[in-house]
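A short worksheet on the structure shown next.
In listed order, ligands and their atoms are each counted from 1. As a basis for the values below, the full set of heavy atoms in this structure was taken, side chains included, without hydrogen atoms, waters or symmetry mates.
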Amino acid sequence: MKKIISILCLTVCFTACKTSKTDINKAIENISTSYLAGQVSEIGSDKFMGRQPFTEGETITINYLEDQLKSLGFEPAFGESYFQGVPMVEILSSINEVTVKKSSKIFKLNAPDDAAIISPRLKKENRIEDSEMIFAGFGIVAPEYGWNDYEGLDIKGKTVVVFVNDPGLYTGNTDLFKGREMTYYGRWTYKYEEAARQGAQGVIIIHETEGAGYPYTIPRKSSITSRFYLESADSNASMCQFTGWFSADAAAKLFNESGYDVQKLRMEACKKEFSGFPLDMKISLNIRNSIRFNKSNNVAGILRGSAKADEAVVYTAHWDHFGIGEKEQGDSIYNGAVDNGTSMAWELAIGKAFASLKKRPERSIILLFPTAEEQGLLGSAYYTSHPIVPLKNTVTCINNDGLLPIGRMKDVTITGYGQSDLDSIVRIAAEGQGRYVAGDPDSHTGMYFRSDQFSFVQKGIPSLYCKGSNDSREYGKEWAALQIKDYIENKYHRPADNYDPESFNFEGIVEDAALAFRVGYEIANSDFFPKWRKGSEFRMGK
Ligand SMILES: [Zn+2]
């Protein structure tokens with residue numbers, strides 16, 4: 001009941017706070033296409049060198065953000081500083097060749113084309129010799145669904161091979177997990193964590209584009225790029241010795257050798273009574289790690305609240321990208337204009353709107369630009385372990401990532417739709433713009449677990465990642481789907497993610513920023529603490 005009352009109060013404020021209405025509308029005018037274009041043309045330019053942590057590109061990026069926050073009138077969030085040092089370790093793994101033996105036969109797999117494997121251990125030499133391979137279905141242990149892919153399998157010190165995603169996707173059965181929507185059990189991060197808990201030496205996921213949500217080029221690329229970890233006391237000894245992916249083709253070949261058809265096996269593994277089995281194969285490889293300790297930085301500014309400065313709404317958009325790397329079509333700078341230049345611009349524009357208010361919000365507003373999101377949400381994970389406002393007073397995180405500059409959209413798509421009562425507040429703000437709220441049509445890709453709001457979610461704070469993405473006001477849904485497809489296939493995490501003044505249309509991002517400002521504004525002027533909905537896997541005590 002309390003929850004409903006809070007939402008009602010917000011509804012009332014949305015419609016009745018006349019005194020602040022002109023103030024709000026004026027503030028929103030600060031969010032303009034020219035401001036966004038100016039930011040993205042700057043942040044996405046070669047000068048930022050692809051914004052890779054630990055490089056000169058980091059220095060340039062964080063100094064730029066500091067200047068922006070200062071000029072907006074946001075105070076340093078970390079004492080005297082806008083920077084929060086994030087101690088990390090950078091590991092670059094290299095492998096010559098992966099060998100799989102089946103009795104007298106030997107198969108050679110090319111790394112990274114067939115197998116995208118790395119070692120997360122802080123050890124220079126990681127020799128894996130004849131590690132027995134065990135197939136363990138989807139690699140899931142989910143007591144609430146009565147599911148245990150590891151039951152009866154002896155995998156201590158062995159290598160587990162698992163499918164990506166969860167059985168709900170492939171059967172379409174809505175009673176199985178969450179149907180097509182990916183649960184956290186479907187994420188590769190979960191599969192690595194669970195395999196390590198089970199004591200496996202190595203874990204390999206069989207790639208499949210729909211279930212992963214991206215093509216094999218993505219894990220391939222990250223296996224030959226430096227990876228970052230937060231510094232840990234055990235030098236990552238609690239993680240598997242090696243982790244990675246097989247391409248779909250490589251997996252099909254290997255499984256065929258054992259008389260299995262991967263597609264059929266996947267459907268078998270969707271059955272509750274299915275049990276994994278030894279593949280009668282042994283994998284050998286030698287991974288050399290070059291290891292470097294270093295500090296990267298989160299950047300944040302704060303606009304202190306007028307009444308409850310010790311409570312805060314946090315906005316996030318990661319600043320990092322992939323720097324300078326493998327050349328494609330003559331271009332080696334990974335500018336990340338969309339990932340995540342447009343969202344950084346979105347966040348700065350929101351900050352500009354807040355800073356322009358005559359009357360500051362009651363609660364504080366934090367603009368946080370986390371580092372190392374691309375490496376597994378590391379900057380935001382570090383921040384939520386070292387927050388400037390205690391977590392119990394951190395009301396919500398409103399994040400964005402990869403905002404596509406394709407014009408005004410009818411939809412406001414909420415990733416993790418149905419998880420929390422934030423949905424209702426977004427709906428009110430969306431309706432005010434003549435838009436509708438929708439769940440993610442691609443919820444099988446688990447986007448809710450794939451950007452910085454998830455670090456807050458893991459600490460129990462209901463958080464938002466929403467944007468217009470699937471229904472263009474001008475050209476409709478099919479057109480929007482084509483734009484997304486083009487971006488994912490040709491630009492996402494590739495040097496082609498460049499700013500193009502001709503084609504970038506910021507009008508939709510203006511609306512998304514205005515919406516996120518509005519949502520944050522209402523929450524920052526209320527006593528409302530969002531709650532998880534029943535059935536959310538993040539609700540304590542379920
Ligand atoms: Zn991103």
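With 2.8 Å as the limit, H318 counts as an N, O or S neighbour of the Zn ion (ligand 1).
Per residue D401, closest N, O or S atom to the Zn ion (ligand 1): atom name OD1. Within D339, the N, O or S atom lying nearest to the Zn ion (ligand 1) carries the name OD1.
No donor-acceptor pair closer than 3.5 Å links the side chain of N393 to the backbone N or O of V389.
Ring geometry for Y382 against H386 counts as parallel: the plane angle stays under 30°, on a 0 to 90° scale with 60° as the upper cut.
For the pair R187 and F138, the cation-pi criterion (under 6.0 Å, within 45° of the ring axis) is not fulfilled. Cation-pi check for K352 over Y35 is met; the charged atom lies under 6.0 angstrom from the ring centroid and within 45 degrees of its normal.
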